Asker: 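Here it is, the structure, as structure tokens.
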Amino acid sequence: MIHNISSFKLAGLRAGETVRAAAHDSAPVRWAMAFTQRRKRLKTAVKRLFYPHREPKTDVLRVLVHIKGGIGDVAMTRVFIKKLRETLPQAEISFCFDSKAVADMIFSDGLINRFQDRRYRPEDYDLVISGCHLLTFEYYNRARLEKLAPAFIPALERGLEVQNCFKDFALYTPYLDGTLAEIAIAHGGSRVQNLGWFTGLEVGQNDRAEINLSAAKAEEILKRLGLGDLKYITIHDGINTNTDTSLGHPTRCWPQEHWKEFVQLFKASFPDIKVVQLGGNKSQIFDFADISLVGKTTVADLPYILDNALLHVDGESGMVHLANLTRARCVVLFGPSKADYLAYARNVNISAPVCGGCMNISKNWMTTCLLGYPPAEQCLAAITPQTVFDAASRKVRSL
């Protein structure tokens, strides 16, 4: 829990004032922000003019949650959606994201009512919640909320108070996400808890919201991928499909030679457990893994593979946050990402012993070391294969 909501809000106001002070005398910054605001207003106007209008159901509360970011951001939102569903049990909850496949996978068990693409009019909903690290009430119809969900009004008021103190963070996203993380950590908060505090709901980082997976589908998927009745662990290099690898070694990725040494140590101690590599089209295939599923899986396959793994080993990535929605336990390597902000207590979380914690200082933090160190000297490289093996072996033996 955040220890003091008042001091949390004051920290947001203080940081916002600092940003405005820095931009006050800069004409280019003022012009850029004015352009950004005009573009946002134009996009909203286009939605109102050209997107189809949905006739409101007078007796049904319509809620839309629009999440920006990657697969990990959607996965972390599931806990929030579960709380929202408990708070508004009669509401029709729609979900908007860039990928319908990702939304369908994470909400395959009916936690949401429908998928909504970006072509929507805010006024077609009674409540539109949008964002990533921080959520805002993009639109709300107070009269209908008071009529159809009067018990939600206190949460609405709490959320609006917090959002008002952090409005500059929403305006300058994602450039202030790192500062938001620092403020949350200082006040006992975290990445998932933020979603609740910005909407007036009680949501905890370690709250559970597992996907209800089909046993029959699990059997079919594992058989199709050659996993069958195998005992296996999964590994993933931390690269997602949105990572720009053209700039060099992604900073959230452990060096490949470290992965190779870890797999050798693991196979020497657990010869009967297969090492299965997961990854998308940006991942390098590890020829030292027993089974490589890089580029061979669909999005819908992933929770089933993770759910049946003895362990998942990864850098902090969307795959880790997806694994948290299954039975899988993870060994997670934190370099630029902050464990205090993003880690789950059920996992083994290993932070780089040197440097680290530079997330969101610049827009290129995931693809370029901000201090200019080569991959072999970056913070994540300081985590040794022996350290990761020791953590993984303890976890496997405890199962």
Side-chain angles (χ1 to χ4, degrees), residues 2 8 11-12 15-16 18-19 67-77 131-135 166 168-195 197-198 205-206 236-245 247-255 282 314-324 330-345 347-375 377-383:
I2 293 179
F8 178 68
T18 302
V19 170
I67 295 300
K68 292 113 186 224
I71 187 173
D73 298 295
V74 179
M76 285 183 278
T77 306
C132 185
H133 282 251
L134 117 174
L135 298 179
F166 285 83
D168 293 290
F169 287 73
L171 189 64
Y172 288 90
T173 188
Y175 301 105
L176 292 181
D177 288 350
T179 302
L180 177 61
E182 295 284 1
I183 292 173
I185 292 168
H187 292 81
S190 60
R191 172 65 174 80
V192 177
Q193 278 182 299
N194 277 358
L195 305 183
W197 277 90
F198 281 96
Q205 180 74 15
N206 295 300
H236 175 245
D237 61 7
I239 298 178
N240 62 41
T241 55
N242 295 323
T243 302
D244 182 3
T245 55
L247 296 177
H249 182 76
T251 56
R252 291 194 300 176
C253 297
W254 211 30
K282 297 289 184 70
D314 202 344
E316 187 275 313
S317 73
M319 200 78 74
V320 168
H321 300 293
L322 176 59
N324 193 54
C330 305
V331 173
V332 188
L333 284 59
F334 287 87
S337 305
K338 296 177 183 292
D340 289 345
Y341 185 58
L342 290 156
Y344 303 105
N347 294 334
V348 178
N349 302 297
I350 305 172
S351 293
V354 295
C355 203
C358 59
M359 57 176 280
N360 293 108
I361 288 180
S362 84
K363 65 179 181 180
N364 295 324
W365 70 274
M366 284 194 286
T367 54
T368 305
C369 174
L370 303 182
L371 297 181
Y373 296 130
E377 298 176 19
Q378 289 175 19
C379 54
L380 209 57
I383 301 176

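Note that this is a predicted model, so its numbers are computed, not measured.
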Asker: If the condition is side-chain contact (heavy atoms from CB on, under 4.5 Å), which residues does Asp237 pass it with, not counting sequence neighbours?
Answerer: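 Testing Asp237 for side-chain contact (heavy atoms from CB on, under 4.5 Å), a comparison that skips the adjacent residues, returns Ile239, Trp259, Ser283, Phe286.
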Asker: Show the nearest heavy-atom pair for residues Arg252 and Ser337, with the distance to one decimal.
Answerer: CD-OG, 3.5 Å
Asker: Less than 4.5 Å apart, any side-chain heavy atom of Asn194 and any of Leu134?
Answerer: no
Asker: What closest approach, in Å, do Trp365 and Cys358 show between heavy atoms, and which atom pair accounts for it?
Answerer: CB-O, 4.0 Å
Asker: Looking only at heavy atoms, which two atoms of Ala181 and Lys338 are closest? And how far apart?
Answerer: CB-CD, 4.5 Å
Asker: Taking the inter-plane angle between the rings of Tyr341 and His133 on a 0 to 90° scale, is it parallel (under 30°), tilted (30 to 60°) or perpendicular (over 60°)?
Answerer: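 The rings of Tyr341 and His133 lie parallel, inter-plane angle below 30°.
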Asker: Are side-chain heavy atoms of Leu342 and Met359 found at a separation under 4.5 Å?
Answerer: yes
Asker: List the atom of Thr251, the atom of Thr368, and the distance in Å for their closest heavy-atom pair.
Answerer: CG2-C, 3.6 Å
Asker: Using the side-chain hydrogen bond (donor to acceptor under 3.5 Å, both in side chains) criterion, which residues pair with Asn349? Sequence neighbours excluded.
Answerer: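 Listed in chain order: nothing, the list is empty.
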Asker: Please report the C-alpha distance between Asn347 and Val331 in whole Å, then the side-chain angles of each, then the deciding distance to 0.1 Å, and finally whether the side chain to side chain contact (heavy atoms under 4.5 Å, CB included) criterion is met.
Answerer: CA-CA 6 Å; Asn347 294 334; Val331 173; over 6 Å; no
Asker: Which atoms form the tightest heavy-atom contact between Gly16 and Phe169, and what is the distance?
Answerer: N-CE1, 4.3 Å
Asker: Kindly determine whether Phe166 and Phe8 satisfy ring-ring contact (aromatic ring centres under 6.0 Å, His included), including the steps that lead there.
Answerer: CA-CA 10 Å; Phe166 285 83; Phe8 178 68; 4.9 Å; yes
Asker: For residues Pro336 and Met366, determine if any side-chain heavy atom of one lies less than 4.5 Å from a side-chain heavy atom of the other.
Answerer: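 Result no, sub-4.5 Å side-chain heavy-atom pair not found.
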Asker: Test side-chain hydrogen bond (donor to acceptor under 3.5 Å, both in side chains) on Thr179 and Glu182 and set out the steps.
Answerer: CA-CA 5 Å; Thr179 302; Glu182 295 284 1; over 6 Å; no
Asker: Do you know which two heavy atoms are closest between Cys379 and Ala352, and how far apart they sit?
Answerer: O-CB, 3.3 Å
Asker: Measuring only between side-chain heavy atoms, which start at C-beta, is Asp314 closer than 4.5 Å to Val332?
Answerer: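 Not in contact.
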Asker: Step by step, work out the side chain to side chain contact (heavy atoms under 4.5 Å, CB included) result for Asp177 and Thr173.
Answerer: CA-CA 7 Å; Asp177 288 350; Thr173 188; 3.7 Å; yes
Asker: Sequence neighbours excluded, which residues qualify as salt bridge (Lys or Arg N to Asp or Glu O under 4.0 Å) partners of Asp73?
Answerer: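 Testing Asp73 for salt bridge (Lys or Arg N to Asp or Glu O under 4.0 Å), a comparison that skips the adjacent residues, returns Arg191.
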